[in-house]
There are 2 protein chains.
Amino acid sequence: MYISTKTGYALRALVELALAGENEPLSLTELAQRQQLPFKYLEQLFRKLKKAELVLSRKGSRGGYLLARKKAEISMQDIMNAVEDSQQYSYCSIDKFDDDYCQGSGCGFRSLWDRIGTDLEHYFSGISLSEIVNKYV
Amino acid sequence: MYISTKTGYALRALVELALAGENEPLSLTELAQRQQLPFKYLEQLFRKLKKAELVLSRKGSRGGYLLARKKAEISMQDIMNAVEDSQQYSYCSIDKFDDDYCQGSGCGFRSLWDRIGTDLEHYFSGISLSEIVNKYV
DNA sequence: CAATCTCCTACTAATTAAGTATGTTATTGA
DNA sequence: TCAATAACATACTTAATTAGTAGGAGATTG
């Protein structure tokens with residue numbers, strides 16, 4: 001169980017946006033250079049970030065990306081949700097078990113996973129981009 | 001970020017041991033049947049669980065596995081540590097960045113990852129096998 | 001001594017993550 | 001108005017990790 005580099009990249013990138021000016025879009029070319037991240041990979045991440053409405057874009061020359069919300073309104077949970085493929089923290093391998101053992105929502109393990117999922121979601125929702133920028137960067 | 005089936009399997013298996021008698025070892029053959037888990041895969045998991053001193057084994061006929069500690073003394077963190085390959089919750093992709101950006105322990109992101117790792121470790125250490133057995137099974 | 005187990009190593013298969021390649025569309029500034 | 005710039009989109013390749021298999025050696029009990 002670990003945080004993917006995908007989330008790491010996204011976080012770095014958003015921190016960079018947070019540090020940039022409010023109204024000056026930062027281009028991915030620039031961003032990729034500053035963070036030494038693969039440009040084409042970033043493009044993909046940003047498509048997801050945009051879909052999740054964490055960033056806005058401006059096309060064309062002098063275009064780029066901007067944060068769509070205030071730093072304080074973007075949490076690590078948001079970022080992970082946007083970028084990570086599986087939305088769940090844990091999954092019950094329910095389909096491998098027959099009905100005697102694991103019966104949908106009645107399954108004990110499933111409710112354990114659910115609890116853990118909720119707890120972790122709560123935890124990561126509590127870490128905002130502004131906190132990261134202030135404390136760690 | 002999610003909990004692997006490996007951890008799920010191990011948890012299920014240990015719960016099964018917890019439910020079994022104190023001094024009657026449970027064989028993997030039996031366990032695999034009860035939980036519908038692949039026997040050979042379980043063997044590997046149990047080798048790790050034994051190495052981590054979470055279980056004891058008795059060889060030979062009528063042999064099997066027993067919990068090495070009281071249920072309350074085994075946490076999800078223990079299980080994950082034992083079974084999961086990477087011991088870290090998060091890793092800094094430090095080696096991809098040059099020294100200008102990320103300088104070992106001085107790197108802001110790294111300390112963020114460290115904080116998260118510590119927090120999660122603490123969280124999972126707080127979930128014991130006995131709690132799981134009591135509340136969820 | 002035979003059945004039943006753990007123990008050990010080395011594969012293979014499947015899935016996911018990471019990264020590349022190629023091209024299209026929109027916007028700005030010269 | 002056109003050329004440069006940068007987002008948008010899709011499809012593909014490679015690398016890494018996870019899940020699962022296979023076969024046999026070494027103990028122990030009835």
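Since the structure is predicted, the reported quantities are computational estimates derived from the model, not experimental observations. Excluded from the calculations below are hydrogen atoms, water molecules and symmetry mates; all remaining heavy atoms, backbone and side chain alike, are included. Below, read A as the first sequence line, B as the second, and so on, with proteins coming before strands; counting in each chain starts at 1.
- Here the side chain of T7(B) pairs no donor or acceptor atom with the backbone of I3(B) at under 3.5 angstrom.
- Scored by the side-chain hydrogen bond (donor to acceptor under 3.5 Å, both in side chains) test, S27(B) finds no partners at all (sequence neighbours excluded).
- Residues satisfying the side-chain hydrogen bond (donor to acceptor under 3.5 Å, both in side chains) test with Y41(A), not counting sequence neighbours, are none.
- Side-chain N/O atoms of Y9(A) include none lying less than 4.0 angstrom from OP1 or OP2 on dA18(C).
- Within the structure, the salt bridge (Lys or Arg N to Asp or Glu O under 4.0 Å) test picks out the following pairs touching residues 58-80 of chain A (sequence neighbours left out): R69(A)-D78(A).
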Please tabulate the protein-to-nucleotide N/O contacts below 3.5 Å involving nucleotides 14-17 of chain D, giving atom names and distances.
none

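- Every side-chain hydrogen bond (donor to acceptor under 3.5 Å, both in side chains) that E30(B) has, sequence neighbours left out, goes to R34(B).
- Rounding to whole angstrom units, CG of residue L42(A) and C1' of dA9(D) are separated by 16 Å.
- Judged as a side-chain contact (heavy atoms from CB on, under 4.5 Å), and not counting sequence neighbours, the contacts of E131(B) are R115(A), I127(B), S128(B), K135(B).
- As rounded to whole Å, 15 Å separates atom P of dT28(C) from atom CD of E24(A).
- Atom CD of Q44(B) and atom P of dT18(D) are 13 Å apart (whole Å).
- Contacts classified as ring-ring contact (aromatic ring centres under 6.0 Å, His included) and involving residues 44-73 of chain B (residues at least two apart or in different chains) are given here: F46(B)-Y65(B).
- In this structure, L45(A) atom CG and dA6(D) atom C1' are separated by 17 Å, rounded to whole Å.
- Across the protein-nucleic acid pair, L37(A) atom CG and dT20(C) atom C1' stand 15 Å apart, rounded to whole Å.
- In this structure, Y41(A) places its OH atom 14 Å from C1' of dT13(D), rounding to the nearest Å.
- Residues passing the side-chain hydrogen bond (donor to acceptor under 3.5 Å, both in side chains) test with Q33(A), sequence neighbours excluded: none.
- Between the side chain of E84(B) and the base of dT18(D), no donor-acceptor pair of N or O atoms lies under 3.5 Å.
- Taking every heavy atom of both residues into account, L49(B) and A82(B) meet most closely at CD2-CB, 4.0 Å.
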Review point. Could you write nucleotides 1-8 of chain C as a row of B, S and -, 5' to 3', where a protein heavy atom under 4.0 Å of any base atom gives B, of only sugar-phosphate atoms gives S, and otherwise -?
Key: ---BBBBB

